[in-house]
Amino acid sequence: MEQVANVIVDVPAMQTNQPYSYLIPAPLKHTVELGMRVAVPFGRGNRMIQGFVVGFSEVDPTAQENVQLKMIKAVLDLKPVLNQELISLSAWLAHQAYAFQITVLQAMLPSMFRAKYKKYLRPIDEINDPEIQQLFAGRELIEYDETQFTPEQVSKLTKLQREGCLEFYYEVNNQAKAKTRLGIKSLLDFEQLEEARSGLTKAAHKQSGLLSLLQTLAPEQVVAKEQILATYDISEAVITTGAKKGWLAKVPMEIYRDPMANYDIKPSQALTLQPDQQAALTAINDAAGQAETFLLEGVTGSGKTEVYLQAMQHTLAQGRTALMLVPEIALTPQMMVRVRSRFGQQVAVLHSGLSVGERYDEWRRIERGEAKVVVGARSAVFAPLDNIGLIIMDEEHETTYKQEENPRYHARDVAMWRSQYYQAPIVLGSATPSLESRARAQKGVYQLLRMPKRINQQVMPAVEIVDMREEIKKGPESTFSEALLTALKARLARGEQSVLMLNRRGFSSFMMCRDCGYVLQCPNCDIGLTLHMDTHSMKCHYCGHEEGIPKMCPNCQSTAIRYYGTGTQKVEQELHELLPEARILRMDLDTTRKKGAHENMLTAFGAHEADILLGTQMIAKGLDFPLVTLVGVLNADTALGLPDFHAAERTFQLLTQVAGRAGRAELPGEVYVQTYNPDHYAIQLAKAHDYEQFYQQEMQLRHLAKYPPYFFTIKLQGSDLDERTAAQNMSQIGRWLKKRLPADTIFLGPTPRSIARINQRYYYQIVIKYRHQNELDQVLNELLERAQSVGRNAFQLSIDREPVSFM
DNA sequence: AGCACGCCGACT
DNA sequence: GTCGGCGTGCTC
């Protein structure tokens, strides 16, 4: 019997979604460990690819089915990048998210662990063709890049390869590299130092200083060269002399790229808790060591963060680690700063704003156990923490926790799995919990902790609902109601700040011809193009297609073509005209694309460099500015019109969240909500700050319409270049599923997607509503296997569990 | 995914 | 008759 490694290979396809067995060459017998990355030959061409060792098994190497086993070529890691927990998690998640295990593994690790592949050509026999000889120019190996050669050369090369004169040589390049800096290490013991000192002339003060410094170092201690230059009166030249004389050695020193290096963080102490907070904290602390789920329902300003911090403190004190998830940390540096100020260097942060290198370094600090607390966005749920004692998920209702690409996982599901694995409590916190979570708390599956009061006796801001239908009657169409404009002017006069939110980026700024009604469309997708004033172009939000602004209608050649709708840019313009003296800061995807732009803008606004902050949804999250006393929502109902059962829930959450931005300090806050649906319950209950009432009412509707949390949902999406193929295949899939799923399963569709064509492909979808988990996973995984895509252009199927959007 | 093998049309 | 076009199927 011989040990073989079970390897998940880097080929994201249904057919290869299984471990492959590889022999371990003798010299690597003790090197290969579970969870390491390896380079293995794969396929008939034996191209070299990366794989993950997910297990070992004993096989008889002489048995018929094992004689063709190939051997691991190389080990890519010094120590494993995955442990047993993460391997088990990846297998489970692949199944439950209908994804390939390799896709899950890639999603769990920093992108630096992704392999870079290179293909080379190597002559192994005499080549007579002068053109090809010239290509090699005497070299033993040349990089093979198909785009670099003419088609004639490519065919010559493949022919030579078939004749055995040439071979392809593959390489897997590991890009995971630590950043290093030059360090200094003493080579002398005490006596040698004394000896060296006595050999110096009296004038050599600097060299003598260097020797004194070396004397203070412990054996093998490495000091950064920069640090020596900065703190001691020793120059580069003296160090070089020291190295020449053999006193010291220059050694590379691994350093971490610290994403929070530019923040001024002062240590903070635990604050005194209100009775509600204390009760919540006690409940969480008492659950230590148990996989208990808490739903912490606390209004904005009730002090949820302080409860999190003190619960984490308790966990750390017990020698366990803590994981804290936040919607998108780059948007809320304030949260990172708060955690860091409480726990210092043992905090690692993981979010999309980090550079590839910073992310890798933070990951290693966690993996090495140097960071005991992790704060991060969605993918931080895979942080390689060991011995997790507490998981916190702030703003648990946020949709950013669901990944919209493969693997389509929800961070909450992963967090629950890890909570079970480590027997650690998990806290889901929100002012407006998702209906799913709130319902589970109702049933007693989760323990409900409520904090209905704001700390410091602050009152909730007054919410004014402005009926825009009335505004239209009053006069010319404007984005701003009289009431909101008056309120804005009042803040300007008092030197206070305002925040204005516009639902959705570039919200329907489309070009329409006044004469024939033609709307400028994307040539690849069935959707109107959106006007972007900053680049003076029309863009498609789905495929990225971009073209110039037309001066003439492409349909009827009329020049009466103009744009309609409201985008942040247009609102900014309008605001400039209405309030020329106001300093306006516009924040949307277009102005914050650059790294750090978001933060800089918030800092500027915090320093009162602007009077009005105008932005999209992104400004709703966790901002705290004492001077902000007015929040305006320009169009509260854009989401209400969407054909999605989440519409009311999302609107309620958004309004509650922005309303919380007003008056969090001494100054009382006011909120203006402009809407065409002033009587809608989501808007009325947001005004009343009444989540519980909203929950009751929305649950009734969900019950009647058979939607979550009463039913589970799955969205199946099929696409094809040919519309009929897409439709037919989806119908067939629908029939196939109906035969296999319980009779109380509800099928909606297949219907064309609301935007039926994206990037030349036609989309059809089926939504399944079901009550029982049972066989569904099995049946859908089987479906995925049967409907596996054959090539890029063929029919493709994707399965999305509990989709965030039904569009 | 990417590579080899295999079966059909347009060339020397 | 062969070269090379792409469609099909397999990868420890």
Side-chain angles (χ1 to χ4, degrees), chain A residues 1-25 28 32 34 36-75 94 99-107 114-122 129 143-147 149-173 405-407 720-722 725 784-798:
Chain A
M1 293 301 262
E2 185 166 348
Q3 198 178 46
V4 292
N6 305 127
V7 176
I8 295 287
V9 293
D10 185 13
V11 182
M14 199 71 234
Q15 301 96 309
T16 52
N17 188 29
Q18 49 164 324
Y20 285 86
S21 307
Y22 281 91
L23 298 169
I24 305 165
L28 295 181
V32 179
L34 187 75
M36 279 182 170
R37 293 174 306 147
V38 288
V40 291
F42 195 68
R44 283 188 270 211
N46 277 330
R47 70 201 162 94
M48 229 29 91
I49 57 169
Q50 178 177 289
F52 292 88
V53 177
V54 296
F56 295 98
S57 42
E58 297 286 330
V59 300
D60 175 3
T62 57
Q64 188 58 45
E65 73 272 19
N66 293 329
V67 286
Q68 81 288 11
L69 288 185
K70 293 177 185 175
M71 232 181 249
I72 288 176
K73 173 78 182 306
V75 174
F100 309 128
Q101 198 175 351
I102 187 65
T103 315
V104 175
L105 290 171
Q106 306 277 31
R114 210 158 289 184
K116 277 265 194 304
Y117 296 110
K118 269 195 174 165
K119 204 171 154 182
Y120 299 90
L121 274 173
R122 180 160 58 189
D129 191 300
E143 199 177 327
Y144 180 78
D145 179 357
E146 241 167 289
T147 57
F149 302 117
T150 64
E152 293 76 44
Q153 287 174 323
V154 172
S155 71
K156 271 184 186 171
L157 288 168
T158 39
K159 196 177 160 194
L160 282 164
Q161 192 236 154
R162 235 172 285 159
E163 288 164 2
C165 299
L166 266 181
E167 70 170 3
F168 285 108
Y169 170 79
Y170 301 89
E171 212 170 70
V172 180
N173 286 332
E405 298 119 49
N406 282 324
D720 198 280
L721 291 172
D722 176 53
T725 312
L784 207 54
E785 223 164 294
R786 286 164 163 262
Q788 56 186 266
S789 59
V790 198
R792 225 182 307 280
N793 292 328
F795 178 80
Q796 284 171 9
L797 179 70
S798 79

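Letters go in sequence order (proteins before strands), and every chain restarts at 1.
We find that CG of A:Asn406 is positioned 11 Å from P of B:dA1, with the value rounded to whole Å. Remark: P of C:dT11 and CD of A:Gln68 are 9 Å apart, rounded to the nearest angstrom. In this structure, the CE atom of A:Met14 is 16 Å from the P atom of C:dT11, given to the nearest Å. We find that CZ of A:Phe52 is positioned 18 Å from P of C:dC12, with the value rounded to whole Å. Atom pair A:Ile49:CD1 and C:dT11:P shows a separation of 13 Å (rounding to whole Å applied). Residue A:Lys156 contributes atom NZ, which lies 16 Å from atom C1' of C:dG4 at whole-angstrom precision. Following rounding to the nearest Å, A:Asp10 (CG) and B:dG2 (P) show an atom-to-atom distance of 10 Å. Protein atom CG of A:Leu69 is 12 Å distant from nucleotide atom P of C:dT11, rounded to whole Å.
Looking at residues two or more places apart in sequence or on another chain, you find a side chain to side chain contact (heavy atoms under 4.5 Å, CB included) between A:Leu69 and A:Val4, A:Ser21, A:Leu23, A:Val59, A:Asn66. Partners of A:Lys70 according to the salt bridge (Lys or Arg N to Asp or Glu O under 4.0 Å) rule, which considers only residues two or more places apart in sequence or in another chain, do not exist here. Legend: residues meeting side-chain hydrogen bond (donor to acceptor under 3.5 Å, both in side chains) with A:Tyr170, ordered by chain and number and at least two apart, are absent. Taking the side chain to side chain contact (heavy atoms under 4.5 Å, CB included) definition, one finds that A:Pro12 meets it with A:Phe100, A:Ile102, A:Thr103, sequence neighbours left out.
Panel note: side chain A:Tyr22, backbone A:Pro41; a donor-acceptor pair is recorded below 3.5 Å.
Sequence neighbours left out, the pairs with a member in residues 36-58 of chain A that pass salt bridge (charged side-chain N to carboxylate O under 4.0 Å, His left out) are A:Arg37-A:Asp77.
Here A:Phe42 lies in heavy-atom contact (under 4.0 Å) with a base.
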Identify the pairs formed between an N or O of the protein and an N or O of nucleotides 3-12 of chain B at a distance under 3.5 Å, and give each distance.
| residue | atom | partner | partner atom | Å |
| --- | --- | --- | --- | --- |
| B:dC3 | OP2 | A:Lys119 | NZ | 3.3 |

